[in-house]
Every structure is written in C-alpha cells, then in structure tokens.
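All remarks here apply to the structure that follows.
None of the values given here were measured: they were computed from a predicted structure. Just follow the structure's listing: the first ligand is 1, and inside any ligand the first atom is 1.
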Amino acid sequence: MPARQTLNDLFIHELSDIYSAEKQLTKALPKMARAASNPDLVAAFESHLTETQGQVERIDQFVEAAGLKLKRVKCMAMEGLVEEGKEVIDEIEKGAVLDAALIGAAQKVEHYEIASYGTILTFAKQLGLTQALEPLKATMAEEKGADEKLSALAQKINVEAKSAK
Ligand code: FE
Ligand code: FE
Ligand code: FE
Ligand code: ZN
C-alpha cells in the first residue's frame with residue numbers, strides 16, 4: 001500500500017484513482033452505447049467516450065509536464081459502478097426502460113467523477129500545482145456537461161419508458 005502521509009501524497013493517490021476510473025470507463029462506455037436504443041443516448045455515450053479518452057491524455061500530459069508520478073491503484077468505486085451498469089444491461093430487455101436505467105447508471109458515474117475532480121482540483125490549488133489547474137477544470141466542465149446532457153435526455157426517455165409495455 002502506498003503511504004499517504006502528506007497532502008501531496010493524497011493528491012497523487014486521488015489523481016491515480018481517477019486515472020484508473022477514466023481508463024475503466026473507456027472500456028465501459030462502448031458497451032453502454034451498444035446497449036442503448038435511443039439514438040441521442042447512443043450519441044451521448046459515444047461523444048463522452050471521446051471526451052473520456054481525451055481526459056486520460058490530459059492527465060498523462062500534465063503529469064509528465066509537472067514531473068509527477070502516478071501510483072498503480074485501481075478505483076474500486078468505478079469498478080462497482082461499472083458492474084452495476086453491466087447488471088442493468090444483463091437484466092433489462094433492450095428498449096426505453098433499459099435506456100432509463102442506463103442514464104441512471106451513467107449519472108452515478110458522472111457524479112462520482114465530479115466529486116473526485118472537485119477534491120483533486122482543491123488539492124492542486126492548495127499545493128500550488130498550477131500546471132494541473134486548467135486541465136482539471138476542462139475535464140470537470142466535460143463531466144458536468146455530460147451529466148446535464150443525461151438529465152435532459154432523461155426528460156424524454158423516462159416518458160417513453162413509462163409507456164413501454
Ligand atoms: Fe471522466
Ligand atoms: Fe475511486
Ligand atoms: Fe448502488
Ligand atoms: Zn465522465
């Protein structure tokens with residue numbers, strides 16, 4: 001277990017954790033896109049996949065630029081959230097009800113990411129890691145945007161789900 005004795009250690013740990021989370025998501029989002037029926041929801045998952053790949057690169061870039069070194073940690077929370085996403089895909093027939101469930105699962109993911117980046121951004125500010133601030137803010141904006149897009153899609157999809165079957 002890597003030691004976490006300083007705020008800097010904690011920053012590296014949290015950053016390594018979200019890095020693992022983003023990598024897990026690059027594998028999960030294509031499955032969610034394939035499981036979705038509503039074309040706008042499929043497009044939302046696909047475009048967030050592209051953003052997520054960029055978020056991984058963004059972390060790689062500022063870690064290298066700032067001379068930081070990530071730890072090998074696995075985000076257990078994202079593993080669980082992805083597992084719950086797989087459960088809905090396995091258990092619910094393709095259609096509007098599955099789409100509504102996928103939105104719920106995806107919003108839990110976005111909220112986890114928003115909370116994580118909030119913490120990481122606060123630590124980066126406290127530590128004076130100025131190189132990390134812009135990339136972290138850019139990613140945070142994408143996570144919030146993805147969450148809002150999903151909320152907007154739920155407005156229509158939940159209506160369809162209600163009248164399904
Ligand atoms: Fe992300
Ligand atoms: Fe985590
Ligand atoms: Fe749960
Ligand atoms: Zn996200």
Hey, is the main chain of Val56 close enough, under 3.5 Å, to the side chain of Glu22 for a donor-acceptor pair? no
What atom name does the N, O or S atom of Glu113 nearest to the Zn ion (ligand 4) carry? OE1
Closer than 2.8 Å to the Zn ion (ligand 4), do we get an N, O or S atom from Glu142, backbone or side chain? no
For Gln24 and Ser20, which I'm curious about, is there any donor-acceptor pair between the side chains at under 3.5 Å? yes
Check whether any side-chain heavy atom of Thr52 lies under 4.5 Å from a side-chain heavy atom of Gln55, and answer yes or no. yes
Val73 versus Tyr19: any side-chain heavy-atom pair under 4.5 Å? no
Identify, by name, the N, O or S atom of His48 lying closest to the Zn ion (ligand 4). NE2
Any N/O/S atom of Thr52 sitting less than 2.8 Å from the Fe ion (ligand 1), backbone or side chain? no
Glu51 near the Fe ion (ligand 1) via N/O/S, less than 2.8 Å: no
State whether Glu143 contributes an N/O/S atom found under 2.8 Å from the Fe ion (ligand 1). yes
Row for the Fe ion (ligand 2): angle OD1 (Asp17) to SG (Cys75), 10° precision, value 100°
Using a 3.5 Å distance criterion without hydrogens, assess whether the side chain of Asp9 forms a donor-acceptor pair with backbone atoms of Thr6. yes
Would Leu102 and Ile157 count as a side-chain contact (heavy atoms from CB on, under 4.5 Å) if you check the C-alpha gap in whole Å, the side-chain angles of each, and the deciding distance to 0.1 Å? CA-CA 11 Å; Leu102 287 169; Ile157 288 170; over 6 Å; no
So that I can check it, does any N, O or S atom in Glu110 come closer than 2.8 Å to the Zn ion (ligand 4)? yes
Please determine whether Glu22 has a backbone or side-chain N, O or S atom lying under 2.8 Å from the Fe ion (ligand 1). yes
Indicate yes or no for a side-chain donor-acceptor contact from Asp99 to the backbone of Asn38 under 3.5 Å, with no hydrogens or angles considered. yes
Is the Fe ion (ligand 2) under 2.8 Å from any N, O or S atom of Ser20? no
Angle subtended at the Fe ion (ligand 1) by Glu113 OE2 and Gln55 OE1, to the nearest 10 degrees, is 170°
Check the side chains of Glu143 and His48 for a donor-acceptor pair under 3.5 angstrom, ignoring hydrogens and angles. yes
Minimum-distance N/O/S atom that Glu143 presents toward the Zn ion (ligand 4): OE1
